[in-house]
Amino acid sequence: MEMKWLHTFISAAKHENFRKASEELFISQPSVSIHIKLIEEELSCKLFNKKGRNILLTEEGKRFLPHAVSMIDQYDKSLLEIHRMKQGYSQSLNLGISPLIADTIMPFVLKQFMNAFPAVEISVQIIESLAIESAVHKGEVDIGLSCLQIQNADLICRLLYEDPVIFVAPHDGRDSETAPPLDVLELLADYHLITHNHPDYWDKLLRTIRTKAAGLKTMTVSQVHVTKRFIVEGLGVSFLPSSTVRRELMEGRLLEVPCTGFQMPTAKTFAVLKYEHSLEKKFLEFLSQYRI
């Protein structure tokens, strides 16, 4: 049975119409009819009944449909495996990374890992920390890198590192050596405080800040890279993990302001996995060499 016949059958079953199937597959309508007829001859049963201008699956067609989908899926997977072998890959590792962690030196770390282990094919999904537990549990990714600790007895959750949280403000254009020191409370009075760009520490931190900064104005921004852009443009200030603003501080686009009088939190990064196989161990050992 040819794969193109199965594609035609699946498309016809989805649209319940030979014409729509022909348009989707870019083949003629008579070709659709021929493909269906050839499958019916091979299976010795009728797959569709006509209903006006449309078609409906017979009982045999309904039972055959999931098998047709499975055959196509297995065929596609075999092609993918052949392509992987041709490219020199012998192993694969699927990573789910939170947007905040992806905005650190993670791209550099992945490049170093791929250079060190060229036979490992890496695929990356950017997933919010709240959804990483589900993705790992369902087997959609092998390892999740999350900002949240996972409380699930079926999964392994390992603390990788803790990142100091710092207070960040727009650069004021003045020479840091001669200008007077910036005051945290004055900045909080002059700017909006951009909050909740990290899923873990903001609620507790915000309660503390409100006891010290009267009339505090806040703005919720869910993504760190947007928060940084807003701060650079003078829209606000924020408390961010130091690793996420390393480059902007070095380039002078942002300023770190010493924060006395506040008990500063840390931003934690966790590895979440279901199976601690050799490849997963190898990746986490490699990752532990770097401060993300």
Side-chain angles (χ1 to χ4, degrees), residues 96-106 126-137 144-153 155-170 181-232 234-249 254-272 287-288 291-292:
I97 305 177
S98 83
L100 193 146
I101 296 171
D103 203 30
T104 62
I105 63 167
M106 180 56 69
I126 303 301
I127 307 173
E128 294 291 345
S129 290
L130 287 169
I132 282 179
E133 176 182 352
S134 175
V136 175
H137 195 266
L145 298 180
S146 172
C147 298
L148 295 173
Q149 186 171 9
I150 303 301
Q151 302 293 340
N152 187 325
L155 301 178
I156 302 165
C157 184
R158 181 179 301 166
L159 177 64
L160 293 178
Y161 56 86
E162 296 186 61
D163 194 12
V165 173
I166 62 175
F167 184 60
V168 181
L182 294 171
D183 182 79
V184 174
L185 293 179
E186 289 181 3
L187 290 169
L188 289 172
D190 293 339
Y191 290 96
H192 281 79
L193 175 63
I194 303 176
T195 68
H196 292 89
N197 34 50
H198 190 282
D200 184 37
Y201 58 76
W202 265 109
D203 289 338
K204 183 178 180 180
L205 177 60
L206 196 52
R207 287 195 296 269
T208 301
I209 296 169
R210 284 196 166 119
T211 64
K212 299 177 180 292
L216 182 69
K217 304 181 295 292
T218 62
M219 177 193 302
T220 299
V221 177
S222 62
Q223 296 291 334
V224 165
H225 71 279
V226 178
T227 298
K228 293 190 293 184
R229 178 65 184 275
F230 280 14
I231 298 173
V232 169
L235 288 176
V237 293
S238 191
F239 292 85
L240 295 172
S242 61
S243 63
T244 64
V245 290
R246 183 184 291 118
R247 175 175 293 180
E248 289 79 7
L249 293 173
L254 297 176
L255 288 176
E256 177 184 357
V257 181
C259 209
T260 58
F262 289 92
Q263 185 176 358
M264 300 297 287
T266 58
K268 299 178 177 65
T269 295
F270 298 91
V272 183
L287 191 60
S288 67
R291 287 283 301 170
I292 306 299

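Only heavy atoms go into these numbers, but all of them, side chains included; no hydrogens, no water, no symmetry mates. Just so you know, these numbers come straight off a predicted model, no measurement behind them.
Side-chain atoms of S146 come within 3.5 Å of backbone N or O of L148 as a donor-acceptor pair. Side chain of T104 to main chain of S243: no donor-acceptor pair is present (N/O by atom type, distance under 3.5 Å, no hydrogens or angles). Without hydrogens or angle criteria, S134 side chain to A131 main chain gives no donor-acceptor distance under 3.5 Å. Between the side chain of K217 and the main chain of A189, a donor-acceptor pair closer than 3.5 Å is present.
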Evaluation steps, side chain to side chain contact (heavy atoms under 4.5 Å, CB included), between M219 and F230: CA-CA 11 Å; M219 177 193 302; F230 280 14; 4.0 Å; yes

Verdict with reasoning, H196 to D203, per side chain to side chain contact (heavy atoms under 4.5 Å, CB included): CA-CA 8 Å; H196 292 89; D203 289 338; 2.9 Å; yes

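L205 contributes atom CG, which lies 7.5 Å from atom CG of L193 (distance to the nearest 0.5 angstrom). Taking CZ from F239 and OG1 from T195, the interatomic distance works out to 11.0 Å, rounded to the nearest 0.5 Å. Note that OG1 of T244 and CD1 of I105 are 12.0 Å apart. Values are rounded to the nearest 0.5 Å. In this structure, CZ on R229 lies 9.5 Å from CG on L235, to the nearest 0.5 angstrom. To the nearest 0.5 angstrom, L254 atom CG is 8.5 Å from I166 atom CD1. For the atom pair S129 OG and L145 CG, the distance stands at 9.5 Å (nearest 0.5 Å).
Partners of A267 according to the side-chain contact (heavy atoms from CB on, under 4.5 Å) rule, which considers only residues two or more places apart in sequence or in another chain, are D163, V165, H198, Y201, P241. With sequence neighbours left out, R210 forms a salt bridge (Lys or Arg N to Asp or Glu O under 4.0 Å) with no residue at all. Applying the side-chain contact (heavy atoms from CB on, under 4.5 Å) rule to E186 yields the partners D183; only residues at least two apart in sequence or on another chain are considered.
Across all their heavy atoms, V224 and L240 have their closest contact at CG2-CD2, 4.4 Å. Scanning both residues, S238 and W202, for their nearest heavy atoms gives OG-CZ2, 3.5 Å. Nearest approach of H137 to N152, heavy atoms of both residues: CD2-ND2, 3.9 Å. Here the closest heavy-atom approach between residue C147 and residue D200 is recorded as O-CB, 4.0 Å. M106 approaches I101 most closely through the heavy-atom pair CB-O, 3.6 Å. Minimum heavy-atom separation, G144 to V136: N-CG2, 3.8 Å.
Counting heavy atoms from C-beta on, the side chains of D103 and K228 come closer than 4.5 Å. In this structure, the side chains of P99 and Q223 come closer than 4.5 Å at one or more pairs of heavy atoms.
Applying side chain to side chain contact (heavy atoms under 4.5 Å, CB included) to T218 and the options L188, I209, L206 leaves one that passes, L206.
When the shell of 6.0 Å around NZ of K204 is examined, it contains 12 or fewer heavy atoms from other residues, nucleotides or ligands.
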